[in-house]
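Worksheet: the structure to be examined is printed underneath.
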Amino acid sequence: MKHVELKDVVFSYQEGQPVIKNVSLSIEKGSYTTLIGHNGSGKSTIAKLIVGLLEKEAGQIIIDGLDMSEENIRKIRKKVGTVFQNPDNQFIGSTVRDDIAFGLENSRVLQSEMDAIINRFAQDVGMMEYLEREPENLSGGQKQRVAIAGVLAMSPSIIVFDEATSMLDPRGKREIKQLIKDIHHVNEITVISITHDIEEVVESDFVYVLNEGEIAMAGKPKDVLIQTDKLISLSLDVPFAIKIQELFEKQNIHINKEINMEGLVKEICQLK
Ligand SMILES: Nc1ncnc2c1ncn2[C@@H]1O[C@H](COP(=O)(O)OP(=O)(O)OP(=O)(O)O)[C@@H](O)[C@H]1O
Ligand SMILES: [Mg+2]
């Protein structure tokens with residue numbers, strides 16, 4: 001089932017200068033879809049269009065069967081959660097507890113039910129011990145965890161992560177990436193992850209590549225990511241396994257292209 005659909009969407013910040021040009025995409029319910037592209041290609045703009053923070057100029061946006069329109073926007077906002085790049089801009093409350101609760105208060109959840117919900121998601125993201133702490137004093141990774149708990153508490157069926165791990169150190173990155181994967185598996189949430197991390201793309205179900213506000217490539221990572229020359233021409237990275245395979249090729253050793261390391265090692269083992 002299609003969960004998010006864009007049909008010929010156009011958007012401009014300045015009149016006559018579209019930054020999203022006839023973009024069509026379709027994201028399956030429960031899938032983990034990555035969206036990649038060079039700086040300024042329009043990824044965050046697409047995220048904001050999907051969440052309803054920006055209004056399209058032309059085309060159609062359909063979220064969970066609902067057409068993005070004035071009358072549906074409140075319903076749609078309840079379905080879609082977002083986690084942005086900079087965790088510092090996502091805090092409003094004076095404690096972690098307040099922050100996770102913030103969206104819930106807005107959606108008029110009963111006070112009596114609130115604590116149970118907060119505890120559950122604080123637990124899920126491993127932040128139970130920090131509930132009474134001030135969000136400002138947390139590390140970047142911890143802040144992102146709290147932001148994610150706040151989004152999960154609203155029980156969205158779609159979450160858009162816009163470079164949610166890019167400010168974190170390798171350990172923070174690993175942990176949040178794992179957390180996103182767990183959320184996806186356990187809650188069957190449709191995940192749209194905007195990322196510059198090509199290894200994350202390797203593990204996703206589907207990838208869209210943006211270039212200058214247009215979809216340049218789309219498909220399963222195993223089909224898209226082996227097109228090395230095209231990726232490089234779009235200012236993008238190539239999976240590590242492909243780089244290794246190409247180094248072997250230079251030594252005249254032919255190995256079938258594999259986008260993940262496990263597959264590559266299997267191929268190498270068959271060489272003997
Ligand atoms: N508020 C704004 N006003 C005017 N132009 C903007 C605004 N936000 C973004 N743009 C322009 O729109 C284009 C797309 O920007 P967008 O932020 O969607 O890119 P992106 O793919 O998310 O890039 P990055 O990888 O750097 O995050 C860019 O050319 C950018 O300069
Ligand atoms: Mg961006």
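In this text, all values refer to a predicted model and were calculated from it rather than measured experimentally. In listed order, ligands and their atoms are each counted from 1. Heavy atoms only: backbone and side chains are in, while hydrogens, waters and symmetry mates are out.
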TODO: Quickly, which of Ile46, Asn72, Val9 forms a side-chain contact (heavy atoms from CB on, under 4.5 Å) with Ile61? Name it, please.
DONE: Val9
TODO: Report yes or no: does Ser44 have an N/O/S atom closer than 2.8 Å to the Mg ion (ligand 2)?
DONE: yes
Open item on the list: Among all protein heavy atoms in this structure, tell me which lies nearest to atom 6 (C) of ligand 1, with the distance rounded to 0.1 Å.
Closed with: Tyr13 CD1, 3.2 Å
Task: Numbering as shown, the atoms of ligand 1 that approach Val19 to under 4.0 Å (heavy-atom distance) - done: 12 (O), 13 (C)
Open item on the list: Between Lys181 and Glu203, does any NZ, NE, NH1 or NH2 come within less than 4.0 Å of an OD or OE carboxylate oxygen?
Closed with: yes
Open item on the list: Heavy-atom count check: over 12 atoms from other residues, nucleotides or ligands less than 6.0 Å from Gln251 CD?
Closed with: no
Open item on the list: So is Glu163 touching ligand 1 or not, going by heavy atoms under 4.0 Å?
Closed with: yes
TODO: Compute the shortest N/O to N/O distance between Gly40 and ligand 1 and return yes if it is under 3.5 Å, no if not.
DONE: yes
Open item on the list: Any heavy-atom pair between the side chains of Asn119 and Arg97 that's under 4.5 Å?
Closed with: yes
Task: Which of the ligand 1 atoms, numbered from 1, are nearer than 4.0 Å to a heavy atom of His196 - done: 25 (O)
Open item on the list: For atom 26 (O) of ligand 1, what's the nearest protein heavy-atom neighbour? Residue, atom name and distance, please.
Closed with: Asn39 ND2, 3.0 Å
TODO: Please examine the side chains of Val146 and Ile100, heavy atoms only from C-beta on, and report whether any two atoms are closer than 4.5 Å.
DONE: yes
Task: Minimum-distance protein heavy atom relative to atom 25 (O) of ligand 1 - done: Lys43 NZ, 2.7 Å
Task: Numbering as shown, the atoms of ligand 1 that approach His38 to under 4.0 Å (heavy-atom distance) - done: 21 (O)
Taking distance alone, no hydrogens or angles, what donor-acceptor pairs closer than 3.5 Å link side-chain atoms of residues 234-244 to residues at least two apart or in another chain?
{"residue": "Asp237", "atom": "OD1", "partner": "Lys243", "partner atom": "NZ", "Å": "3.2"}

Open item on the list: Strictly inside 4.0 angstrom of atom 28 (C) of ligand 1, do you find any protein heavy atom?
Closed with: yes
Task: Per-atom contacts of ligand 1 with Thr45, taking only distances under 4.0 Å to non-hydrogen atoms - done: 14 (C), 15 (O), 16 (P), 18 (O)
Open item on the list: One thing to verify: whether Lys177 and Asp197 come together as a salt bridge, which I'm taking to mean a side-chain N less than 4.0 angstrom from a carboxylate O.
Closed with: yes
Task: Protein contact to atom 17 (O) of ligand 1 [nearest heavy atom, distance to 0.1 Å] - done: Ser44 CB, 3.7 Å
Open item on the list: Quick check on atom 22 (O) of ligand 1 - does any protein heavy atom sit closer than 4.0 Å to it?
Closed with: yes
- [ ] Would you list the pairs meeting ring-ring contact (aromatic ring centres under 6.0 Å, His included) in which at least one residue belongs to residues 181-226, sequence neighbours left out?
- [x] Tyr32-His184, Phe206-Tyr208
Open item on the list: Checking His3 against Glu28: is there a side-chain donor and acceptor pair closer than 3.5 Å?
Closed with: no
Open item on the list: Taking a cutoff of less than 4.0 Å between a non-hydrogen atom of the residue and any ligand atom, is Gly42 in contact with ligand 1?
Closed with: yes
